[in-house]
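Single-structure report; data block below.
Residue numbering restarts at 1 for every chain, and letters A, B, ... go by the order of the sequence lines. Note that the coordinates shown come from a computational prediction; the quantities given were computed from them, not determined experimentally.
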There are 2 protein chains.
Amino acid sequence: MTLTKNIFTGEYSYSIDSKNRVNIPSNFRNCLSSDNKKTFVITKGLDSCIWVYPLIFWKKIENDLKKLSSISNTNRAFIRNTARYASPVKFDKQGRINLTNVLVEYASLDKDASIIGMINKIEIWNPSILDKVDKESSKIKNDEYDELANKIII
Amino acid sequence: MTLTKNIFTGEYSYSIDSKNRVNIPSNFRNCLSSDNKKTFVITKGLDSCIWVYPLIFWKKIENDLKKLSSISNTNRAFIRNTARYASPVKFDKQGRINLTNVLVEYASLDKDASIIGMINKIEIWNPSILDKVDKESSKIKNDEYDELANKIII
DNA sequence: ATATATTTTGGGTAGATGTGGGTAATTTAC
DNA sequence: GTAAATTACCCACATCTACCCAAAATATAT
C-alpha cells in the first residue's frame with residue numbers, strides 16, 4: 001500500500017540472482033507517479049550502497065547540475081561523481097531491474113539485498129554492511145542530529 | 001466516544017493473531033478525521049514499542065524529511081532511521097492492521113498487546129514490557145520532568 | 001431478560017508477488 | 001565476417017497477502 005507518490009519508506013529483503021537482477025518492492029513500483037512508470041535511475045550512493053532515483057527526482061538533480069560552472073574544481077569533481085555512475089533502468093514484467101557490475105561491486109552485493117525507502121530515493125544494501133553502518137551511526141548521534149530530532153517532531 | 005479529531009487517549013488490550021494482525025480500538029478509528037480514514041503509518045518507537053501515526057501527522061514528517069539534503073552524513077542517518085521502519089497500513093473490514101515482522105520482533109510482541117493513546121499518535125506494547133518501563137519511569141522524575149510539569153498545567 | 005447491533009477474533013481463498021530458468025535478440029570480441 | 005557473451009523478454013511455479021465470510025464476545029436497546 002502506498003501513500004504519497006514518489007515517496008518511499010520501509011525496509012525489504014530481496015535476493016539478487018546470477019543475472020544481477022533484483023526485485024523492486026511492489027510497494028515502491030506502485031508508488032511511482034504516472035509520468036514515471038517503469039523507469040528509475042541507479043547510481044553510486046554514499047556509504048557504499050546503491051541509490052535508486054525515481055525519474056522525477058533525477059531530472060531535478062540533472063537540472064541543478066546543469067547550472068554549475070565547470071571552471072570550479074569542486075564543481076567539476078561533484079558533477080563527475082554524480083553523473084559518472086548514473087544509468088537509467090527499466091523494470092521487467094516481474095518488477096526487477098538489472099544492476100550494473102560496477103555498482104554491484106561498489107556495494108559489495110552478493111546474494112541478498114536489503115532495500116530501504118529513503119523518502120525521495122531508494123537504497124540497495126548488502127545486509128551485513130547496512131547493519132554495520134547502522135551500528136556506527138548510532139554512535140555519532142551528535143549535536144547536529146539532536147537538533148534535527150528536535151526540529152522534526154516525531 | 002471520541003473528543004478531538006486525531007487526538008488519542010486511553011488504554012486497551014487486544015490480541016495479535018498468527019498473521020500479525022492487531023485490532024485498532026474502534027475509538028481510535030472513529031477518532032480519525034475524514035481525510036485520514038482507513039490509513040495509519042506504523043514505525044519503530046522509542047522504548048521498544050510500535051508507534052502508529054495518523055496519516056495527517058506522518059505527512060508532516062515526510063514533508064520535513066524531503067527537504068534535507070543527502071550530502072550531509074547526519075541528514076542521511078536521520079532520514080534512514082526515520083524512514084526505514086515506517087510502513088503505511090490500511091485497516092481491514094474488521095478494523096485490524098498488519099504489523100511487519102521487523103516491528104513485531106522489535107517490540108517483542110507475542111499474543112497480547114496493550115494499545116495506548118499518546119495524544120497525536122498511538123503506541124503498541126508488549127504488556128509486560130510496558131509495565132516494566134512504566135515502573136522505571138516513575139523513578140526518573142527529575143528536573144526536566146518538573147520543568148514540564150510547571151509549563152503544562154494539569 | 002431478551003433481542004439487536006457492534007466489536008473482536010479466527011480462518012479460507014483468489015489474486016498478487018517473488019524467484020528461477022529458458023530462449024531469442026542484440027551487442028561485443030575476435 | 002563468425003563466435004561468444006550479454007541483455008531483453010517470456011513463462012512457470014511457490015509463496016505470500018489482501019480480502020471476504022463467519023463465529024464469538026461484548027455492548028446497547030427494548
Side-chain angles (χ1 to χ4, degrees), chain A residues 1-3 8-32 37-42 50 52 85-105 109-117 122 124-127, chain B residues 1-2 8-32 37-42 52 55 86-105 109-117 122 124-127:
Chain A
M1 187 225 163
T2 79
L3 291 177
F8 310 95
T9 63
E11 173 169 0
Y12 303 86
S13 294
Y14 284 93
S15 56
I16 300 176
D17 65 21
S18 54
K19 296 175 178 179
N20 279 352
R21 290 180 300 189
V22 65
N23 211 312
I24 298 292
S26 63
N27 248 351
F28 289 174
R29 277 181 271 132
N30 298 334
C31 173
L32 292 176
K37 288 251 172 292
K38 286 185 162 304
T39 306
F40 284 111
V41 174
I42 59 174
I50 297 176
V52 184
Y85 304 101
S87 82
V89 287
K90 263 173 36 185
F91 41 84
D92 67 15
K93 227 178 190 172
Q94 278 68 23
R96 292 170 293 192
I97 59 171
N98 269 0
L99 300 176
T100 62
N101 284 324
V102 176
L103 291 180
V104 167
E105 278 168 35
L109 286 169
D110 186 25
K111 207 155 170 34
D112 299 303
S114 292
I115 303 189
I116 66 186
I122 298 162
I124 302 178
W125 287 85
N126 175 322
Chain B
M1 187 226 162
T2 77
F8 310 97
T9 61
E11 173 169 3
Y12 303 84
S13 293
Y14 284 92
S15 58
I16 299 176
D17 66 21
S18 55
K19 294 177 178 180
N20 281 351
R21 291 181 298 192
V22 65
N23 211 311
I24 297 293
S26 61
N27 247 351
F28 289 174
R29 277 181 271 132
N30 297 334
C31 171
L32 293 175
K37 287 249 174 292
K38 287 184 162 304
T39 306
F40 284 111
V41 174
I42 59 174
V52 184
L55 195 50
S87 84
V89 287
K90 260 170 41 184
F91 40 85
D92 66 15
K93 231 176 189 173
Q94 279 69 19
R96 292 170 295 191
I97 59 171
N98 268 2
L99 301 176
T100 63
N101 285 324
V102 176
L103 291 180
V104 168
E105 277 168 35
L109 286 168
D110 187 25
K111 208 156 170 35
D112 300 303
S114 292
I115 303 189
I116 65 186
I122 299 162
I124 302 178
W125 288 84
N126 175 323

Phosphate contact ([N] OP1 or OP2) by [X] side-chain N/O below 4.0 Å:
X: A:Y14; N: C:dG18; value: yes
X: B:N98; N: D:dA18; value: yes
X: B:R29; N: C:dT8; value: yes
X: A:S26; N: D:dC16; value: no

Between [Y] and [X], is there a side-chain heavy-atom distance shorter than 4.5 Å?
X: B:I124; Y: B:L103; value: no
X: A:V52; Y: A:F8; value: no
X: B:D110; Y: B:I16; value: no

Starting from [atom2] on [N], measure out to [atom1] on [X] and report it in whole angstrom.
X: B:D17; N: D:dT17; atom1: CG; atom2: P; result: 13 Å
X: B:I97; N: C:dT8; atom1: CD1; atom2: P; result: 13 Å
X: B:F91; N: C:dT7; atom1: CZ; atom2: P; result: 12 Å
X: B:K90; N: D:dT17; atom1: NZ; atom2: C1'; result: 13 Å
X: B:Y12; N: C:dT7; atom1: OH; atom2: C1'; result: 13 Å
X: A:D112; N: C:dG18; atom1: CG; atom2: P; result: 15 Å
X: A:D92; N: C:dT17; atom1: CG; atom2: P; result: 14 Å
X: A:N27; N: C:dA16; atom1: CG; atom2: P; result: 15 Å

From [options], nucleotide with atom closest to [X] side chain:
X: B:R96; options: D:dC10, C:dG10, D:dA8; result: C:dG10
X: B:Q94; options: C:dT9, C:dG20, C:dT23; result: C:dT9
X: A:R21; options: C:dG10, D:dC9, D:dA8; result: D:dC9
X: B:N23; options: C:dG10, C:dT9, C:dG20; result: C:dT9

Looking only at heavy atoms, the pair that brings A:I116 and A:E11 closest together is CG2-CG, 3.7 Å
Distance-only donor-acceptor test (3.5 Å): side chain B:K19, base C:dG12
yes
Judged by modelled atom types alone, do B:N20 and B:N101 share a side-chain donor-acceptor pair under 3.5 Å?
yes
For B:N20, report the nucleic acid contact type (base, sugar-phosphate, nothing); a contact means any heavy atom under 4.0 Å.
nothing
Both A:N101 and A:K93 contact DNA chain D. Taking the nearest nucleotide for each, which residue is further toward the 5' end?
A:N101
